[in-house]
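Just follow the structure's listing: the first ligand is 1, and inside any ligand the first atom is 1.
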Amino acid sequence: MRRYVIAGNWKMNMTPNGAKALINEMKPLVAGKDNCDVVLCVPAIDIPAAVEAAKGSNIKIGAENVHFKASGAYTGEISAEMLCEAGVEYVVIGHSERRQYFGETDQTVNLRTLAALNAGLKAIVCVGETLEQRELGYTETLLKFQTKMALTNVTAEQMKNVIIAYEPVWAIGTGVTATADQADEGNGYVRAAVAEMFGAEVAEATTVQYGGSMNDKNAAELLSKENVDGGLIGGASLKSAAFAAIVEAAQ
Ligand code: PGA
């Protein structure tokens, strides 16, 4: 059966000292909540402090991006091997902010996914439609296309380390959450795309998160849906009580 994964995405927030303090605050609040994996994806510079602070707890540390090349002349970039050695277990790939502001394409999302999986990281691959695309009626087509592009050349075996986050762009950081039915439907399109590529068994076992203004108030309803296997949480992952309440909702 598929595993719930509650993952925070801190984006460009928190210094290393702040990361340490917030994780120390969160540790007792999420301790023993074993019905889901608890992950915090943090800025690269925070990783050593976050890994150190999370030691001995059930909080796992993720990165927010990874480069697709193993090494070389790519100034400013960070490889999958570097992340692994630093103690990172998860990595967010293809977040809509990276697609929107940093020229991320479906091709580079795919290359990053392959690099992460080949290094043994768990990939949290983000897909999602804009409001305009939704209003034009392209949500299903787009979600399936983005999912299939991201997973090109991934093996069925590697799918065990793939999590897909359906994040409608219009719901990210806006306070406008998708309704539970919209989240379930979007996640269902993603699962259908996985089934078309890898078969029903792999699709049934794949964790599909919802993300976009998920918080302590709406998490229980979103997570009650058949196709919603967790959350990718931005704003609410910067507040220990709110994040812990979302983890609790997944129990
Ligand atoms: P939000 O961000 O929870 O602040 O909407 C979600 C995300 O971008 O992953």
With a cut-off of 4.0 Å, which atoms of ligand 1 are near a heavy atom of [X]?
X: S213; value: 1 (P), 3 (O), 5 (O)
X: G173; value: 1 (P), 4 (O), 5 (O)
X: G234; value: 1 (P), 2 (O), 3 (O), 4 (O), 6 (C)
X: L232; value: 6 (C), 9 (O)
X: H95; value: 7 (C), 8 (O), 9 (O)
X: G212; value: 5 (O)
X: I172; value: 2 (O), 5 (O), 8 (O)

| task | Inspect the contact between D37 and R3 and indicate whether a charged nitrogen and a carboxylate oxygen are less than 4.0 angstrom apart. | result | yes
| query | Under 4.0 Å between a Lys/Arg side-chain N and an Asp/Glu carboxylate O for E52 and K20? | reply | no
| message | Tell me whether the rings of Y166 and Y210 are parallel (<30°), tilted (30 to 60°) or perpendicular (>60°). | response | perpendicular
| Of the protein's non-hydrogen atoms, which lies at the shortest distance from atom 2 (O) of ligand 1, and what is that distance? | K11 NZ, 3.2 Å
| request: Starting from atom 4 (O) of ligand 1, find the nearest protein heavy-atom neighbour and note its residue, name and distance. | output: G235 N, 2.9 Å
| task | From atom 9 (O) of ligand 1, work out which of E64, M214, E167 has a heavy atom at the shortest distance. | result | E167
Does [X] have more than 12 heavy atoms from other residues, nucleotides or ligands lying within 6.0 Å of its [atom1]?
X: E221; atom1: CD; value: no
X: L136; atom1: CG; value: yes
X: Q158; atom1: CD; value: yes

| Within the distance-only criterion (no hydrogens, no angle test), does the side chain of Y101 pair as donor or acceptor with the backbone N or O of G103 below 3.5 angstrom? | no
| Is there a donor-acceptor contact under 3.5 Å from the side chain of Q209 to the main chain of V5? | yes
| note | At under 4.0 Å between heavy atoms, what of A171 touches ligand 1? The answer is backbone
| query | Looking only at heavy atoms of G211, does any of them come nearer than 4.0 Å to an atom of ligand 1? | reply | no
